[in-house]
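Keep in mind the model is a prediction, meaning the values are calculated, not measured. Proteins come first, then strands; the chains are lettered A, B, ... in the order of their sequence lines, and each starts at number 1.
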Amino acid sequence: MDIFQRFEAVLADAIAELVADGTVTAGAGATAVVEPPRDATHGDLATNVALVLAKAAKANPRELATRIAMRLACHELVEAAEVAGPGFINLRLVPAVWQAEIAAIRATGADYGRGETVPGLPVNVEFVSANPTGPMHVGHCRGAVVGDALASLLAFAGNSVVREYYMNDAGAQVDVLARSVHLRYRAALGEDIGAIPEGLYPGDYLVPVGQALAAEFGDRYRAAPESEWLVPFRDRAVAAMMDMIRGDLALLGIRHDLFSSEAALQAAGAPAAAEARLRAEGLIYDGVLPPPKGELPDDWEPLELPLFRSTRFGDDIDRPIRKSNGQWTYFGTDMAYHAEKASRSSALVNIWGADHAGTVKRIEAAVEALTHGAVRLDVRLVQMVRLFRNGEPFKMSKRAGNFVTLADVVREVGRDVVRFMMLTKRSEAMLDFDFAGVVEQSRENPVFYVHYAHARIRSVQRRAAGLALPVPAPLDRLDEAELGVVKLAAQWPRVVRQAAAAREPHRIAFFLADLAAAFHTLWNRGNDDAAFRLVQEDDLPLTAARLALADAVGSVIRTALGVMGVVAAEELR
RNA sequence: GCGUCCGUAGCUCAGCUGGAUAGAGCACGGGACUUCUAAUCCUGAGGCCGCAGGUUCGACUCCUGCCGGACGCGCCA
């Protein structure tokens, strides 16, 4: 339990006393929070409890705050409790609290901030789910990193987590893939196939797939009708693409627990089963869609289709689950897939590209309908990444085939840099990625800045390795500024809880930047005045205390980077 | 036309699910290097939080309507 939670308990006791003497009614303080104050000069902790309670108690907030503050001031760990502003209570804690926190951080190590185990079914995070038709390109990076980091964050917060990849291995696109590899297969058999026709996948990565097929089947399917080879070629091509994708993801250190197949889902009759359930509840009906808004396509004609009543859940129109040719729409199978996922999960999270924003409502509606609201689907949209090199926009043309692959990016700037950079903005805002900027060693580059803080800590630890430091370190030798850094580091458990609840892994990156800045500031005192350097060879007790502090900060940096999937640098050169 | 997201300092962005005087970095002005790696740090200036209403003790945050930008739209995947 971290400091904020501990004082929420202390606060609850104080409120209980007020309830007991009839000042306020029970339960009224449910939304009261203990948080770090906006301004550190206000103290260590702040609470809005009096503002929240004032209404129910029909009391003046400041007056109520004063009464609560008086009780809190009696607490042994509270140095001062002051009322400020409209009725906030600012608490200043005794230094021993923060000294103890250093010891706690060091004792808990990599588990500092880890949430208590949440019982029940796992939280499912589905991410990447790129069509298995080619290698991962740079556009997939962000969703991959955000999804993986979010999964790690949720796991660190105490949830069991399943990382899942949904393979779209049943649609028209994988048929196109099969045709594309058939061409490569013929080429591998020595045929001159000329230019790749429009509409097929032109990438060279299909050459080895064609060769493998030639080795397996000889010329058996060279002139055979498509109906004979489509299925086996598709299966093998998809398997090959998935191997390639797994390899690409491994470059980023990403590994999914489960790969679900759309084809398998259809073969098992899952979409029909989902349809039957929803029909029984009147949520699927046969109807005619209104014409699309705006300019009417010339080929539009009204048709009766099986429609899911997504309008009942806030969607604009009801959505077809099957096409007029009887095949499932993407949504039709996706609905069944989510029903299946929901049955083995406590909550669902999907990481989607922002270009799918238009389909969020219908799928969230479908999950609500199919689980009767028991499992919530949270679709997190990830905006596109704009590539730059030295400030110049990077032109990518899919047609010309010069798109940047994920492997290219990782090879050029490194896995840790890619991972960190992808988390330096809210996922729903666009992100600029400059190949030169992200490897620059300067203050503007947050990756470097955080690594540098950690490397400095390691550096000073190496330097002090030979000193006979007293154990335990006399942490009461630390001054106000030093304890200030501990106060920031002590926010880590809270950052974990809040980032997990908001499903926003980027908050870790911002926390790290703040923590690194605080440490650099402390370090720089030593450059201005040698008496503030961490290592004081003529005062080993003080050195021990300062190194304990540095060790605690380093530990939190490592842990937080670890949740982001980034390895802290031991040194920089 | 409709939907989703975005709009906060000159630029790039945070803002902790409604709280105090809205914060960082860059750039700009002033300062600190025979270093525990100064690859850094200190300091100053810089804001109708897109606009207008509403909800409330209190709004950058929630609601409504506009304005501007990005993305999307149909039996696509």
Side-chain angles (χ1 to χ4, degrees), chain A residues 31 33 35-39 42 46 48 51-52 54-55 60-61 84-88 90 131 168 170-174 262 289 291-297 299-300 303 305 315-317 319-325 327 329-332 334 353-361 379 381 383-384 424-426 428-432 440-446 448-449 451-453 455-457 459-464 491 494-495 497-499 501-502 504 506-507 509-511 513-514 517 520-528 530 532-537 543 546-547 550 571-573:
Chain A
T31 57
V33 292
E35 53 188 9
R38 186 168 289 244
D39 187 335
H42 290 152
N48 63 350
L51 292 163
V52 173
K55 202 172 200 174
N60 176 309
F88 289 96
N90 292 326
N131 286 333
N168 298 127
Q173 298 203 15
V174 285
E262 181 186 3
L289 282 175
K293 304 276 167 56
E295 204 180 330
L296 204 61
D299 59 347
W300 191 87
L303 267 176
L305 292 167
D315 203 357
D316 310 314
I317 55 169
R319 303 293 175 175
I321 60 164
R322 266 181 281 134
K323 309 182 205 173
S324 55
N325 65 7
Q327 288 182 343
T329 60
Y330 186 84
F331 171 64
D334 210 23
D355 52 345
H356 290 80
T359 64
V360 170
K361 264 184 192 163
V379 179
L381 296 177
Q383 266 292 354
M384 59 189 291
T424 53
K425 271 187 87 164
R426 286 191 338 280
E428 59 272 21
M430 279 205 287
L431 175 77
D432 291 348
E440 200 171 283
Q441 300 204 332
S442 76
R443 176 75 179 89
E444 298 122 88
N445 182 355
F448 162 76
Y449 191 65
H451 276 312
Y452 188 37
R456 277 180 151 171
I457 290 167
S459 163
V460 77
Q461 284 175 337
R462 284 190 294 271
R463 170 173 288 258
Q491 288 189 29
R494 186 171 181 271
V495 169
R497 269 184 287 123
Q498 298 204 317
E504 293 185 347
H506 76 274
R507 293 191 192 188
F510 285 94
F511 167 74
D514 286 347
H520 284 308
T521 298
L522 199 63
W523 180 282
N524 195 61
R525 288 203 305 172
N527 289 328
D528 292 337
F532 285 121
R533 292 185 184 172
L534 273 61
V535 175
Q536 300 292 323
E537 303 209 355
T543 303
R546 287 177 175 172
L547 284 174
E571 59 181 332
L572 299 171
R573 45 182 95 214

Quiz item: For A/R494, which contact category applies under a 4.0 Å heavy-atom criterion: base, sugar-phosphate, or nothing?
Solution: base
Quiz item: What interatomic distance, in whole Å, is found between C1' of B/A14 and the corresponding atom of B/U8?
Solution: 10 Å
Self-check item: N or O in side chain of A/K323 less than 4.0 angstrom from B/A77 OP1/OP2
Solution: yes
Quiz item: Using a cut-off of 4.0 Å on non-hydrogen atoms, how would the nucleic acid contact of A/R462 be classed: base, sugar-phosphate, or nothing?
Solution: nothing
Practice problem: Find which nucleotide of RNA chain B each of A/E428 and A/A172 is nearest to by heavy atoms, and output the residue with the more 5' nucleotide. | Solution: A/E428
Practice problem: Mind checking A/A354 for me? I need base, sugar-phosphate or nothing, with any heavy atom below 4.0 Å counting as a touch. | Solution: sugar-phosphate
Quiz item: Expressed in whole Å, how much space separates the P atoms belonging to B/G3 and B/G65?
Solution: 9 Å
Quiz item: For B/U12, does either OP1 or OP2 sit under 4.0 Å from a side-chain N or O belonging to A/K425?
Solution: no
Practice problem: Indicate, with a heavy-atom threshold strictly under 4.0 Å, whether A/Y449 touches base, sugar-phosphate, or nothing. | Solution: sugar-phosphate
Quiz item: What does A/A513 touch in the nucleic acid at a heavy-atom separation under 4.0 angstrom: a base, only the sugar-phosphate, or nothing?
Solution: nothing
Quiz item: Between B/G15 and A/H506, is there an OP1 or OP2 to side-chain N/O distance shorter than 4.0 Å?
Solution: yes
Practice problem: Report which part of the nucleic acid A/M384 touches: base, sugar-phosphate, or nothing (heavy-atom distance under 4.0 Å, all strands). | Solution: nothing
Practice problem: Look at the side-chain N and O atoms of A/R443 and state whether any lies under 4.0 Å from the OP1 or OP2 oxygen of B/C26. | Solution: no
Practice problem: Measure from CG on A/L51 to P on B/C57 and round the result to the nearest Å. | Solution: 12 Å
Exercise. Ignoring backbone atoms, establish whether A/R525 has a side-chain N or O less than 4.0 Å from OP1 or OP2 of B/U40.
Key: no
Exercise. Considering just the side-chain nitrogens and oxygens of A/R426, establish if one lies under 4.0 Å of OP1 or OP2 belonging to B/C5.
Key: no
Quiz item: Under 4.0 Å between a side-chain N/O of A/N527 and OP1 or OP2 of B/C41, yes or no?
Solution: no
Exercise. Looking at every strand, decide which applies to A/Y330 at a 4.0 Å heavy-atom threshold: base, sugar-phosphate, or nothing.
Key: base
Quiz item: When the ring planes of A/Y452 and A/F448 are compared, do they come out parallel, tilted or perpendicular, using 30° and 60° as the limits?
Solution: parallel
Exercise. Answer yes or no: does a side-chain N or O of A/T424 lie under 4.0 Å from OP1 or OP2 of B/C13?
Key: no
